[in-house]
Structure formats: C-alpha cells, structure tokens
Student: 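Starting off with a structure, shown below.
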Amino acid sequence: MANKNIRVRYAPSPTGHLHIGNARTAIFNYLFARHNKGKFIIRIEDTDTKRNVDDGEKSQLDNLKWLGLDWDEGPDKPGKFGPYRQSERRSIYDPLIQQLLDEDKAYYSYRTEEELTADREEQRARGVMPHYEYEYEGMTEEEIKQSMAESEAKGLKPVIRFRVPKNHTYDWDDIVKGHVEFNSDTIGGDFVIVKRDGMPTYNLAVIIDDHMMKISHVFRGDDHVANTPKQLMMYEAFGWDAPKFGHMSLITSAGTGKKLSKRDESIIQFIEQYRDRGYLPDAMFNFITLLGWSPKGEDEIFNKQQFIKMYDENRLSKSPANFDNKKLEWINNQYVKSADEDVVVDLALRQLIDKGNIEQNPDSKTVEWARKLIVTYKQQMSFMAQINSMASVFFNEPEEISGDALEEISNDTAPTVLKEFSSRIKNVAIFDKVEILKTIKSIQKDTKIKGRQLWMPIRIAVTHEMHGPELPESIELIGREKALKHIDETLKQINQ
RNA sequence: UGCCCGCUGGUCAAACUGGUUUAAGACGUCGCCCUCUCAAGGCGGAGUUAUGGGUUCGAGACCCAUGCGGGUGACCA
C-alpha cells in the first residue's frame, strides 16, 4: 500500500559517532519509509552548540551509508523543506516563538540556574518530584511586568518557557505501545523552549520541524515517551496536527540490564567500531533489525530488500531487547561464509596489514599467500579481525612444544613419521596441499601408521599446535622451509 | 518519592483481535556424527509463559493486586 504522504525522519544530533541504538532508530524509520514507498529524511539536530562535534555529522552520515541506508532529503541532499540543520532554521523558529509569546502561551523566565538548582534540591529534600515552580505565582499583570523589568535591570537574560495547561490529559495511540496518557500536571511544570542563547530547545525545534517538513510518523526510542506530552501540548498551542508516534523499546546491555550507555564497556557501542573490526554491513543491518523486531516466518537471515518488503511496524516489540554479541557474531559469520571471496580477502587482508602481520603494500606473491590463508579461515571467521589471532601460527615463531602436545608425540612412531615426512617433502616438486596430502598418504601406505598417530605428530611438529585448519593447507601456508625447520627442531626436542 | 512503560527458557523471540502449542524458530549451551585436531556442517537433548487472585466452557493472551526490571524527571537530544 503505497502512500506518498508518508514521510519519516532520522534526526541525529552531531555529538559523536553513530551509536548502535541510533542506527536502529534510523533503520526502522528507513524500513518503514521504503516499505510504504514514502520518504526518508535526515535532519541534524544541532541546537546544543556546546556539544556538537566537528565531524559528528559527517560520521553519522558516512556510517549510515555504510549500513546501506539512503535518504531522500538531508543536509547533503537538499529538498524543498530545508535547511536540514536546526542551527540554520532560526528564521523559521523565531516568528513562531514570537507567536507563542504574543498569545501568552509562553513567557520570559528569569529564574537563574543557581536558583533552579536550589529549588530542586529543596524539593528533593521535601520528597517531591523536582519541578519548575511558576516564578510569578500570585502576581498581578502589573507585578509581573515590574518583576521582569527588575530582572532586566539586573542584567539577567531570560529563557522562554511554555505555559503548560493545568490538569489536562494528553494522550495518543502509540504504534508500539498502544494508548498512553499523561496528566499535564505531572510533567514537571513549564518547560524551557528557548534557551538563553536564543536557540530553541529540542522539544520546540522538533515539533516545528516535524510539522514544517510534513513528517507523518515519528519512530524513536522509548526514552522519548516523556517528551511526547510536552510536544503534544505545543502542537495544540500552534493548532497543528501531531504526527503518529511509535516509541520503540530500548536496547539494553546484557551485563547491566539498563539501556545501552555510551560508557558501557562490555559492548561495542558504535557502528564505526564494528566496521573497523571487519564486520559486514549487511550482517549489521540484519542483526540490528532483529533487535526489537521480528519477521513473520522462522528465518532470520535476510537482506535489505527482503526486510523492506516484509517490514511491518506492528511487529515492533514492546519490551526491551538485550544486545547479544554472540548472535551478532553468528549472523556475521553467516554473511562471511556466503560473501564473495574477493570481498572477504580484501577486508581480511586489511586487518592483517593493520595488525602488522603482513607488510604495507604487499607484493603479489604475498597477496596470493594471504588469499589462501584467508580462504582457509573464511568458513569460521565471525568477523575479519579474528584472522589475526586465528592464524597467528602462520605469522609468529611458535613456542616450544609442551604439555598435551608433547605427550601426544612422545611415542615410538612419531619420530618415524616425522623423519619420513621430512625427507619426502624435501623432494616434492610443487609444495602445495595436493602434494603434501599425497606425501602423507604415501607414508601411511609404507609405514602402516595411520590416523591420529600419523597426522598429529606432523601437525604438532610443523605448527606446534594440536588444533588448526586442514593439515595439508596449513603446511602449505607455513611453507617448506619453515616446516622442515620446525620438524627438525621437534625431532631434536623429543630425542633428548 | 511522582509520572510512564515492560515482564514467554541464559539471550532474541513466535503464538494476528482468548480455542490442536504436548508454548514455533534462532543464538548460546550439552551430547552424538563427520574428522588428525579446531572450526564449519549434520543430527539430537535440556531449558520458559514472574507471583497470587479473578473473568471464561477455555488465558501466555483479558481484569486486579503484588513483585521485579526499565524509562523519565536538563537552558541534552
């Protein structure tokens, strides 16, 4: 059911990199827009000039693109409802603010931050919810004017507060949560809509922009529920219709059970970090979409097009979702396994170079070698950075054989196997896995030693490890020279 | 302390507006198979409707309490 009037937005503030939770908000808005053939808009909410970060906006957009999102309007793609940065929309806000003032729906407030803090402390001590107390309580219009004039005379700069209607119920049918209602007396008093620096606060700017940009649906985090009544009363004050709201459950941390906080170190928080570690964008998209939303069938691996096709906002979950890193790894592994070999090689090679396991600008021979190595691990890598630790045996000189491994080769047949293997591979023409496998088979035939007794000594001698990928491949990757050297050393070690 | 919301196994969750669900499926976990080993893969197992009341012929689904968890309470967004 295509609806041309559907317009949704993702509205990040450029205070840092793209966070998992924000990425999810963006994705759900995107999916909703694309499923309904509506528009997806990006708006930068940069009214807090102090917290803005220089490349915050760029980083947000870059990472959204990496995830595979595209938008119809945004700061880098002007449409007819621009500008798309709130800091550039002052000329739109100012007359509307004046209108509220003129209609006495908002007023200047001179209460200083110190006074407010003191009020709040006193309220807390009394056991009441901290709230703003009307500073002109009980005053006549004359007295109010006089009070303001006095404040001005003292050089105080005012903020503008919205006059919250008394004992009024604000409610809406939330797409996710169902019917929600608040009594206006419980929201903390008249709130600030324009800061001392003249910038509108989030709550004001967001409703003006959503209205002006003809936003039809707002999908945002559960943490915005408490803002919604404030926004509804402003829509009412302007005489505008509010969009439909859907408040999505938050992502929680398995460790703390609380909403993902940027300080929680048990979970990687930013999309960029996953990108750096060699996660695949489609896998991230897939995983994030399954956080708080579920498809109809039993499958869980889908590409973007499939998600768009089957997206249904009614299947958004009411309850918070734990971020499960294990599942992310599993999903990413599914994508790595089925990904194009060149893509995997490219990404994993970068990891190897970054880590210094392969030199910068490797020659073609090294790249060929790396390709074989990477392909060997393609089936089991959850994310590309793992190649460094998984394949460390191919980069580092191994430690001396000990423990179980030593025990494994402390028997009568091991030296025979090793000597045979060593002398035979010295002479094979092409040192590759096919020839190596043939060699091992030939030893089996000639010595009648087989199975673990045959394979383990070779594996341990060559790699010093009891585990690893297919042995012939491993030996090929280690190379003839190193393999022979390791066998030699091992023979010496077990002879003494 | 106020207000708002949530609660199906260790985790994500399905079960559309109450009726073959002996509560899907996935991750994880455990066992087996494959196998020189690890991983991947295949097969299988264990494990859940927070508690107490009600409504109903019938409740995971509806109502009420209790408990637990979360969100919010900014001149942040």
Side-chain angles (χ1 to χ4, degrees), chain A residues 11-13 15 22 45-48 50-51 86 109 111-113 116-117 120 123-124 126-132 157-161 174 176-178 180-183 185-189 191-197 199 201-203 205-206 220-229 247 249-250 252 254 257-259 287 290-301 312 314-315 317-331 333 337 376-381 390 405 408 440 450-460 463 465-471 474:
Chain A
S13 53
T15 52
N22 293 134
E45 310 217 317
D46 54 354
T47 51
D48 187 357
K50 295 179 289 293
R51 292 206 319 159
Q86 291 187 326
S109 163
R111 210 98 174 104
T112 64
E113 302 210 40
L116 291 171
T117 313
R120 277 193 274 266
Q123 287 157 352
R124 221 182 293 272
R126 256 194 299 149
V128 232
M129 170 187 65
H131 61 281
Y132 165 77
K157 280 240 174 276
V159 298
I160 298 174
R161 285 180 186 272
D174 196 279
V176 180
K177 308 178 100 65
V180 183
E181 60 178 54
F182 282 83
N183 182 292
D185 293 348
T186 67
I187 62 146
F191 52 92
V192 174
I193 55 173
V194 178
K195 303 184 230 183
R196 210 178 303 286
D197 63 5
M199 273 290 186
T201 57
Y202 159 77
N203 275 313
V206 83
R220 54 175 25 163
D222 206 351
D223 48 346
H224 281 292
V225 170
N227 285 323
T228 308
H247 289 92
S249 60
L250 299 173
T252 53
K258 294 184 196 295
K259 87 167 170 174
F287 174 71
L290 259 23
L291 231 38
W293 185 84
S294 61
K296 211 157 171 84
E298 294 181 353
D299 295 337
E300 305 212 318
I301 304 293
D312 176 358
N314 294 312
R315 298 183 69 83
S317 168
K318 282 180 203 283
S319 45
N322 250 303
F323 186 97
D324 183 358
N325 201 48
K326 283 272 190 297
K327 185 140 187 177
L328 202 211
E329 292 194 356
W330 177 79
I331 288 182
N333 173 254
K337 280 192 293 196
T376 300
Y377 284 98
K378 187 169 177 252
Q379 289 299 107
Q380 53 189 288
M381 272 189 291
M390 280 180 168
E408 182 80 30
I440 296 174
K450 58 177 184 179
R452 197 176 174 107
Q453 299 241 291
L454 168 66
W455 293 77
M456 260 307 164
I458 301 175
R459 173 177 292 285
I460 292 168
T463 69
E465 296 281 344
M466 292 178 76
H467 313 303
E470 298 284 317
L471 190 52
S474 298

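Each chain gets a letter, A, B and so on, in the order its sequence line appears, and its residues count up from 1.
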Student: Hey, does R459(A) reach any base, or is it just sugar-phosphate, or nothing, if we go heavy atoms under 4.0 Å?
Tutor: base

Student: With a non-hydrogen cut-off below 4.0 angstrom, is R111(A) in contact with a base, only sugar-phosphate, or nothing?
Tutor: base

Student: At under 4.0 Å between heavy atoms, what does G468(A) touch on the DNA or RNA strands: base, sugar-phosphate, or nothing?
Tutor: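 Here G468(A) touches the bases of the nucleic acid.
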
Student: Given the C1' atoms of U17(B) and G60(B), what is the spacing between them in whole Å?
Tutor: 15 Å

Student: Kindly say if S13(A) contacts the phosphate of C76(B), meaning a side-chain N or O under 4.0 Å from OP1 or OP2.
Tutor: no

Student: Can you tell me if the side-chain N/O atoms of T186(A) get under 4.0 Å from OP1 or OP2 in G2(B)?
Tutor: no

Student: Let's test your reading of the pairing rules: Watson-Crick or G-U wobble, both distances under 3.5 Å, then write RNA chain B as a dot-bracket string with ( ), [ ], | and dots.
Tutor: .((((((..(((......[.....))).(((((.......)))))....(((((..]....))))))))))).....

Student: Just to be sure I understand the rule, does L471(A) reach a base, reach only the sugar-phosphate, or reach nothing, if contact means heavy atoms closer than 4.0 Å?
Tutor: base

Student: Applying a 4.0 Å non-hydrogen cut-off, can you work out what D197(A) is touching in the nucleic acid: base, sugar-phosphate, or nothing?
Tutor: nothing

Student: Which nucleotide in the list C36(B), C4(B), U11(B) gets nearest to the side chain of V225(A)?
Tutor: C4(B)

Student: Think R120(A) has a side-chain N or O under 4.0 angstrom from the OP1 or OP2 of U1(B)?
Tutor: no

Student: Would you measure the distance from the C1' atom in A23(B) across to the matching atom in A15(B) and give it in whole Å?
Tutor: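 8 Å, rounded to whole Å.
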
Student: Using heavy-atom distances to pick each residue's nearest nucleotide on RNA chain B, tell me which of M381(A) and G297(A) is more 5'.
Tutor: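 Mapping each residue to its closest nucleotide by heavy atoms, the 5'-most match is G297(A).
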
Student: Look at all strands and tell whether E113(A) reaches a base, only sugar-phosphate, or nothing, counting heavy atoms closer than 4.0 Å.
Tutor: base

Student: For the P atoms, the ones on G73(B) and on A13(B), what distance do you get once it is rounded to whole angstrom?
Tutor: 25 Å

Student: Report the residue (G188(A) or F182(A)) whose heavy-atom-nearest nucleotide on RNA chain B is the more 5′ of the two.
Tutor: F182(A)

Student: The side chain of W455(A) lies closest to which of these nucleotides: C36(B), A40(B), A15(B)?
Tutor: C36(B)

Student: Picking from U37(B), U11(B), A40(B), which would you name as closest to the side chain of H467(A)?
Tutor: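 Output: U37(B).
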
Student: Of the listed nucleotides (A13(B), A40(B), U37(B)), which one gets closest to any side-chain atom of N333(A)?
Tutor: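 Of the candidates, A40(B) comes closest.
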
Student: Quick one: closest heavy-atom pair of P130(A) and Q123(A), and the distance?
Tutor: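 In terms of heavy atoms, the two residues are closest at CA-OE1, 3.2 Å.
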
Student: Ignoring the backbone of R452(A), work out which of C5(B), A15(B), C36(B) is nearest its side chain.
Tutor: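 The listed nucleotide nearest to R452(A)'s side chain is C36(B).
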
Student: NA contact type, Q453(A), heavy-atom cut-off 4.0 Å: base, sugar-phosphate, or nothing?
Tutor: nothing

Student: Heavy-atom count check: over 12 atoms from other residues, nucleotides or ligands less than 6.0 Å from K450(A) NZ?
Tutor: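 No.
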
Student: What I want to find out is whether R51(A) reaches D48(A) closely enough, with some N-O distance under 4.0 Å, to be called a salt bridge.
Tutor: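 Answer for the salt bridge query: yes.
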
Student: Does A39(B) have its OP1 or OP2 closer than 4.0 Å to a side-chain nitrogen or oxygen of K337(A)?
Tutor: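 Answer is no, no contact under 4.0 Å.
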
Student: Do N314(A) and D312(A) meet the criterion of a side-chain donor-acceptor pair at a distance under 3.5 Å?
Tutor: yes

Student: Between R315(A) and P295(A), is there a donor-acceptor pair closer than 3.5 Å when you use the side chain of the first and the backbone of the second?
Tutor: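 Confirmed, R315(A) side chain pairs with P295(A) backbone.
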
Student: At 4.0 Å (heavy atoms only), tell me whether G221(A) reaches a base, stays on the sugar-phosphate, or touches nothing.
Tutor: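 The answer is nothing, as G221(A) stays clear of every strand by at least 4.0 Å.
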
Student: Just the table, please: protein N/O against nucleotides 65-70 of chain B N/O, every pair under 3.5 Å.
Tutor:
from   : atom 1 : to      : atom 2 : distance (Å)
G70(B) : OP1    : K258(A) : NZ     : 3.1

Student: Base, sugar-phosphate alone, or nothing: which one does H247(A) contact when heavy atoms must sit under 4.0 Å apart?
Tutor: nothing

Student: Could you go through nucleotides 26-32 of chain B and list every protein N or O atom that sits under 3.5 Å from one of its N or O atoms, giving the distance for each pair?
Tutor:
from   : atom 1 : to      : atom 2 : distance (Å)
A26(B) : O2'    : E300(A) : OE1    : 2.8
A26(B) : O2'    : K327(A) : NZ     : 3.3
A26(B) : N3     : K327(A) : NZ     : 3.3
C27(B) : OP1    : W330(A) : NE1    : 3.4
C27(B) : O2'    : K327(A) : N      : 3.3

Student: How is Q380(A) classified with respect to the nucleic acid when contacts are heavy atoms under 4.0 Å: base, sugar-phosphate, or nothing?
Tutor: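 Base contact.
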
Student: Using the P atoms only, state how far U21(B) lies from C38(B), rounded to an integer number of Å.
Tutor: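 So the two P atoms sit 40 Å from each other.
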
Student: If you only use heavy atoms from C-beta on, which nucleotide in A13(B), U72(B), A15(B) is closest to the side chain of S294(A)?
Tutor: A13(B)

Student: Choosing from U37(B), G6(B), A40(B), which nucleotide comes nearest the side chain of K318(A)?
Tutor: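 When the side chain of K318(A) is considered, G6(B) is the closest of U37(B), G6(B), A40(B).
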
Student: So V192(A), base contact, sugar-phosphate only, or nothing? Heavy-atom distance under 4.0 Å.
Tutor: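 Sugar-phosphate contact only.
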
Student: Using a heavy-atom cut-off of under 4.0 Å over every strand shown, decide if A254(A) touches base, sugar-phosphate, or nothing.
Tutor: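 Result for A254(A) = nothing.
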
Student: Taking atom P in both C27(B) and C34(B), what distance in whole Å separates the two?
Tutor: 22 Å

Student: Taking the cut-offs as 6.0 angstrom to the six-membered ring centre and 45 degrees off its axis, would you call R161(A) and Y132(A) a cation-pi pair?
Tutor: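 Yes, a cation-pi geometry.
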
Student: Can you check the distance between G9(B) and A65(B), where both ends of the measurement are the P atom (answer in whole Å)?
Tutor: 24 Å

